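One structure is given below, encoded as C-alpha cells.
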Amino acid sequence: MSFSRPMPKRHLARPWNQPRKKTELPEYTLTRARKQLTELLKSQEISIGLDEVRDVEANIAADLAIPLFRIAKQLGKNPQELAENLANRINLDNTLFEQIQPVHGYLNFKFNPARFSRSVIADYLRDPESYGRSLAGNGRTIVIDYSSPNIAKPFSIGHLRSTIIGQALHNILTWLGYRIIGDNHLGDWGTQFGKLLCAYELWGNDKELARDSTGYLLKLYVRFHDEAKTKPELENKAREWFKKLETGDKQAHDLWKRAVQLSTAEFQHIYELLGIKFDESLGESFYANRLKELINRALEKGVACREKPLKPSGTDEKVILIPLAEYGIDTPLILEKSDGTSLYATREIATAEYRIHTWNPEKILYVVGKEQELYFKQMNAALKLLGHNTPCVHVSFGLIRLPQGRMSTREGRVILLEDVINEAIRRAKKIVADRKIPEPEKDKVARIVGIGAIKYADLSQSRTREVVFDWDKMLALDGDSAPYLQYAHTRCRSILKKADNEKNSDFDPAILARPEEFTLLCQIARFPDAIVDAAATYEPHRIANRLYKLARDFSAFYNKVPVLHAETQKLRRARLLLVQMTGTTIRLGLKLLGIEVPDQM
RNA sequence: GCCCCUGUAGCUCAGAAGGAUAGAGCGACGGUUUCCUAAACCGUAGGUCGGGCGUUCGAAUCGCCUCAGGGGUACCA
C-alpha cells in the first residue's frame, strides 16, 4: 500500500528530549504576596497552603484574606479571637502589605499601594513582551489533537469549537514553557468514504466535481443517505467500497485521494483566515497500514478476542473486540468489524501509540466534543491493557445546536463556518464604515474585529456548556466581546502614540494613588494567575474573563483619569506606563486566545 | 432502563478543592461628547442560585432524592 506519507518529522531534529537548563521561574507579585502571608502565619506556628490565601470579593475592604475557621477548629479556638490575636502579633514590615484586620474570623490584608505598584511594575518591566509567561512546563511535551475536520464534508461551526479552543490551549501551554505538538487529526478514513465512493460510482460527475468540489461531495453524501432510506442495500455497497479502499484498490484510492486534496485545500483557506497553525496534520489514513499489526498484537496479548457481535448484521462473521468490564465499562471496544475493516476507535488507538512512540509526551489532549466521552474512556482503558500509561485527556466541549435541534451533515442542516465568518466581517464593516479610519485599512480592521468576535464568543464561556447557535450572540460587537477588548487596547495604543514614546520609567510608583489606578494594577497583577488557571483546567475563558475585567477597569480609568493631561509630568509618566502595561496585557492575553488586535478602530 | 453533562436576573453567561452582602453582558429605564476616538462611560430596576432533604459554625458550591433539557449506550465519527 502506498498511501500518502507525511512530511519528514522536523520536530525530531530539535533537541527537545535533552535535559534543559534549569532556569529560575519568574515569580509574580501575587504569588509573592501569598507566600509572604503563609510565611507570616508560619512565624506564628500556623501552617496554611498557598491556596488558602484567597482573593476577596468586591465590597470588602481588603485585597487578600485568610479564613481562619479550619485552623481555629483544629486549635479549639474561636475564629474571631484567633484572628484578633494574630492581627496583634503579626508584623507587616518588609512585606507587600500595610494593614491587617481581623473580621468575622478572617484575617484581611491590604496592600501597601506603593510597594505593591512597584512590585507589579517590576514584574512587567523585567520583560514586557513576556508578561505572564512562565517556564513551569520546563520543555515537557504535550500533544494536542484539535480541529480534526472530516474530509469531504464542509467545515461547519461544529468543528469551530475544537479548532479555536485547541489553538488557544496550544498558545497557552506554549507560553507556560511546554513543548506543544498540535496535530490536526483529519477525518480522512472510515466508512463514510465507502458511502462517498459508492455514491460517486452511481451518480458521480467529474465536471461537477471540478466545479464545486466540496459542495458537490456533500451533495453526493446527502443523496446517498437519502436514497439509502429506501434502498438499504446501498449500505452494504458502501461497506464494500470502504473495504476496497482499505485493501488498496486503485480506483477507490485515486478518488479518495482527490477528495482529500480538494478538501484540505479548502480547509487551508479557512485556517489561514482564522490564523490556525498545526505542527502536524496526520489524518486517520496515515495510520491505515498500522492497524493490522495493532489488531494482531492485541489478539496475541490476549487483550482482544473474537466474538459474535451482540447485534446480528446479516453475516455470521465475528468481530474483534477488547472487553473492558474490568474497567467498569460495559461497552467493549470493537477493533475490527465483521467484514474485516477498521473503525474510528482502531485508528485512534494506533494514533495514540504513534504519538507516544514518536514524541514521548507527558500527555495527549483531545479537544473533541462531549458526545465522544465514552470512546475516550474506552481508549484509555484499551491503551492501559496494551501497556501504555500516557494519559489521554479528553478536553471535551458541549455541542453546538441550532434552535431547531442538532446539526446534521447528512440532512444538510448545517451552518457553514465560512458563512459565519463572512457575516461577522460584514457586520464589523458596517460599523467601521462610519469611523475615521483610512479607507484601505477598513477591510483589515473589519476582518480582525469580526473574526475576533467569533473566537471570543467561544473562548469567553466554559467549554462544557452546549451552545445554541445564535447569530447575534456569536457576532456581538459590544459589551463583553472581543471588540470591547480590542477597543480598549487601541485606546491605550493611541495614548501612547500621542505621547510619542516618551520615556516613562522615571517616577516613583507611589504617586499612582488613585483607586482607579490601584484597581488597574490589581487586574494586571492577576493576569499571570489567569494563564496558569486556564492551563490547569484547559479553560481558556479564565483568561478571557480576566482580560474583560481589566478592559472594563481601564475604560473607567480612561474616562475619569487624564493621562496626557495629567497634573504633573511625573504623574503623566507614571500613568503612561500604566497604560502601556494595560495595553500590553490585553494584547498578550488576546494573543493567547488567538485573537488579533487592530492598530485602530 | 443504565451512565454522563447542564439548570444562577426577562435573555446569554461568570462564580464550583465549602467561606463574608451571588457578579457581568444584552435588553429596559435615566444620564454623559468644547476634554487622550461614545465599538465607550455613569446611574436605576431586576435573584426562592430548578425543587426538596441532609452534612457543616457556614452550601450556588459537597451527599442523597426529585423535576426539566441535552448527550451517550458493541461493528458511524
Side-chain angles (χ1 to χ4, degrees), chain A residues 49 51 54 56-60 62 65 67 69-70 72-73 78-79 103-106 108 148 150 187 189-192 195 239 284 307 309-311 313 317-321 328-339 341-345 347-348 368-375 377-378 396 398-399 401 405-406 410 428 431-432 434-437 449 457 460-462 464-468 470 472-473 476-481 483-484 486-488 490-492 494-499 541-542 544-545 548-549 552 555-556 558-566 575 579 600-601:
Chain A
D51 53 347
R54 317 190 71 93
V56 168
E57 292 305 314
N59 297 339
I60 288 158
F69 305 97
R70 186 185 62 81
K73 197 168 193 176
N78 172 292
V103 184
H104 305 316
Y106 292 82
N108 286 353
S148 309
N150 293 321
W189 209 246
T191 314
Q192 79 266 24
K195 293 174 180 174
R239 275 172 213 270
E284 291 182 49
E307 230 177 73
L310 211 60
K311 287 183 192 163
S313 69
E317 297 298 316
K318 291 179 174 177
V319 295
I320 298 174
L321 54 75
I329 302 169
D330 297 334
T331 316
L333 186 148
I334 297 186
L335 281 178
E336 190 180 279
K337 292 189 266 186
S338 50
D339 64 3
T341 58
S342 71
L343 280 134
Y344 165 73
R347 299 187 290 275
E348 279 299 337
V368 174
K370 194 156 52 183
E371 65 275 14
Q372 295 193 32
E373 199 170 55
L374 176 61
Y375 291 85
K377 280 190 183 138
Q378 291 178 315
S396 71
L399 160 121
R401 299 193 307 135
R406 271 187 100 146
R410 296 178 183 190
I431 297 178
V432 170
D434 305 332
R435 309 238 109 210
K436 291 176 281 181
I437 295 173
V449 167
S460 61
Q461 72 177 278
S462 62
T464 49
R465 249 169 213 285
E466 78 172 36
V467 173
V468 177
D470 178 85
D472 292 334
K473 192 190 157 201
L477 301 175
D478 58 7
D480 184 0
S481 67
Y484 181 86
Q486 291 166 327
Y487 182 76
T490 56
R491 293 289 61 77
C492 294
S494 153
I495 290 175
L496 295 168
K497 204 173 164 191
K498 290 202 167 159
H541 82 290
R542 307 283 176 124
N545 291 173
Y548 173 70
K549 285 177 187 162
R552 189 169 35 102
S555 297
Y558 177 79
N559 267 273
K560 265 184 251 169
V561 184
V563 177
L564 293 174
H565 305 116
R575 286 185 185 154
V579 168
Q600 49 189 335
M601 64 189 286

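Letters A, B, ... are given to chains in the order of the sequence lines, protein chains preceding strands, and every chain is numbered from 1. Here the structure is a predicted model, which is why all the values come from computation and not from measurement.
- You can call Tyr558(A) stacked on the base of C36(B); the centres are under 5.5 Å apart and the planes sit within 30°.
- Taking CD of Gln461(A) as the reference point, atom CG of Asp480(A) lies at 10.5 Å (rounded to 0.5 Å).
- Between Lys560(A) and C41(B) there is no side-chain N or O to OP1 or OP2 distance below 4.0 Å.
- With a glycosidic angle no further than 90° from 0, U33(B) counts as syn.
- Minimum atom distance to the side chain of Asp478(A) is reached by A40(B), of the listed A20(B), A74(B), A40(B).
- Of the C1' atoms belonging to C57(B) and A20(B), the separation is 13 Å, rounded to the nearest Å.
- Separation of the C1' atoms belonging to G50(B) and G69(B) is 11 Å when rounded to the nearest angstrom.
- Taking side-chain N and O atoms only, Ser462(A) has a distance below 4.0 Å to OP1 or OP2 of A14(B).
- Looking at Tyr484(A) and Ser555(A), their side chains come closer than 4.5 Å, going by heavy atoms from C-beta outward.
- Side-chain nitrogen and oxygen atoms of Lys549(A) include none within less than 4.0 Å of the OP1 or OP2 phosphate oxygen of A14(B).
- Lys473(A) has a side-chain polar atom (N or O) that falls below the 4.0 Å cut-off from OP1 or OP2 of C13(B).
- Leu343(A) comes within 4.0 angstrom of the backbone, heavy atoms only, and of no base.
- When atom types are taken as modelled, the side chain of Gln378(A) and the backbone of Pro332(A) share a donor-acceptor pair closer than 3.5 angstrom.
- Note on Tyr484(A): only backbone sugar-phosphate atoms sit closer than 4.0 angstrom, heavy atoms only; bases stay farther off.
- Contact annotation for Arg347(A): backbone-only contact, meaning every heavy-atom pair under 4.0 Å involves sugar-phosphate atoms and none involves a base.
- Here U34(B) presents its C1' atom at 13 Å from NE2 of His565(A), a figure rounded to the nearest Å.
- Comparing the P positions of A68(B) and A60(B) gives an interatomic distance of 24 Å, to the nearest angstrom.
- Residues Arg347(A) and Gly190(A) approach most closely at NH2-CA, 3.5 Å, considering heavy atoms.
- The nucleotide whose nearest atom lies closest to any side-chain atom of His541(A) is, among U37(B), C41(B), A14(B), A14(B).
- Gln372(A) comes within 4.0 angstrom of a nucleotide base, judged by non-hydrogen atoms across all strands.
- The listed nucleotides are C35(B), C57(B), G25(B); the one nearest the side chain of Phe69(A) is C57(B).
- Residue Leu374(A) is in sugar-phosphate contact alone, with no base atom involved, counting any heavy-atom pair closer than 4.0 Å across all strands shown.
- As judged by a 4.0 angstrom heavy-atom cut-off over every strand, Gln378(A) is placed among residues making no nucleic acid contact.
- In this model, the phosphate group of C57(B) is not approached by any side-chain N or O of His104(A) to a distance below 4.0 Å at OP1 or OP2.
- An OP1 or OP2 oxygen of G7(B) is reached within less than 4.0 angstrom by a side-chain nitrogen or oxygen of Arg465(A).
- Formation of a donor-acceptor pair under 3.5 Å by the Lys370(A) side chain with backbone atoms of Leu399(A) is not found in this model.
- Contact of the Ser148(A) side chain with the Glu284(A) side chain is not registered, since no non-hydrogen atoms from C-beta on lie closer than 4.5 Å.
- Across the interface with RNA chain B, nearest-nucleotide mapping of Asp480(A) and Glu307(A) shows Asp480(A) to be the residue nearer the 5′ end.
- The residue Val368(A) sits apart from the nucleic acid: no heavy atom pair falls under 4.0 Å.
- Across all strands, Asp330(A) comes closer than 4.0 Å to no nucleic acid atom at all (heavy-atom distances).
- Ranking C26(B), G72(B), A74(B) by closeness to the Glu371(A) side chain, first place goes to G72(B).
- Nearest-nucleotide positions on RNA chain B place Arg70(A) closer to the 5' end than the other of Arg70(A) and Thr331(A).
- Taking atom NZ of Lys370(A) as the reference point, atom P of G71(B) lies 11 Å away to the nearest angstrom.
- Residue Arg406(A) places at least one side-chain N or O under 4.0 Å from the OP1 or OP2 atom of G72(B).
- Nearest to the side-chain atoms of Thr191(A) among the listed nucleotides C41(B), C76(B), C36(B) stands C76(B).
- At a cut-off of 3.5 Å, with distance as the only test, no side-chain donor of Thr341(A) or Arg239(A) sits close to an acceptor on the other residue.
- Counting heavy atoms from C-beta on, the side chains of Leu374(A) and Thr331(A) come closer than 4.5 Å.
- At the heavy-atom level, Glu336(A) lies nowhere under 4.0 Å from the strands shown.
- A gap of 14 Å separates the C1' atoms of A22(B) and G46(B), to the nearest Å.
- Residue contacts for Ala65(A): at a heavy-atom cut-off of 4.0 Å it reaches a base atom on one of the strands shown.
- Residue contacts shown for Val449(A) include a base, since a base heavy atom lies under 4.0 Å away.
- Of all nucleotides listed (A74(B), A20(B), A40(B)), A40(B) comes nearest to the side chain of Asn559(A).
- If you take atom P in A59(B) and the same atom in U12(B), they sit 29 Å apart, rounded to whole Å.
- Counting atom types as modelled, Asn108(A) pairs a side-chain N or O with a base atom of A20(B) as donor and acceptor under 3.5 Å.
- When the P atom is compared between A24(B) and G47(B), the two are found 15 Å apart, to the nearest whole Å.
- The side chain of Pro332(A) has A74(B) as its nearest neighbour among C42(B), A74(B), A17(B).
- Of the inter-residue distances, the one linking Ile334(A) atom CD1 with Ile320(A) atom CD1 reads 10.5 Å to the nearest 0.5 angstrom.
- Taking atom C1' on both U55(B) and C62(B), the two are 8 Å apart, rounded to the nearest angstrom.
- The side chain of Val103(A) sits closest to A20(B) out of C36(B), A20(B), C4(B).
- Nucleic acid contact for Asp472(A): none, since no nucleic acid atom lies under 4.0 Å from a heavy atom of the residue.
- A38(B) shows a glycosidic angle more than 90° from 0 and is accordingly assigned anti.
- Among the protein residues, Val468(A) comes within range of no part of the nucleic acid, since none of its heavy atoms lies under 4.0 Å from any strand.
- Taking every side-chain heavy atom of Tyr487(A) into account, A38(B) is the closest of A14(B), A38(B), A17(B).
- Among the atoms of the strands shown, none is found under 4.0 Å from any heavy atom of Gly187(A).
- One interatomic measurement links the two molecules: CD of Gln600(A) to P of C36(B), which rounds to 16 Å at whole-angstrom precision.
- Taking the C1' atom of each, C11(B) and C4(B) are spaced 27 Å apart, rounded to whole Å.
- Atoms CZ (Arg401(A)) and C1' (G69(B)) sit 8 Å apart, rounded to a whole Å.
- What separates CG of Leu399(A) from C1' of C76(B) is a distance of 15 Å, to the nearest Å.
- Nearest nucleotide to the side chain of Arg239(A), out of C76(B), U37(B), A74(B): C76(B).
- If you take CD of Gln486(A) and C1' of A38(B), they are 17 Å apart, rounded to a whole angstrom.
- For U37(B), one of the phosphate oxygens OP1 or OP2 lies less than 4.0 angstrom from a side-chain nitrogen or oxygen of Ser494(A).
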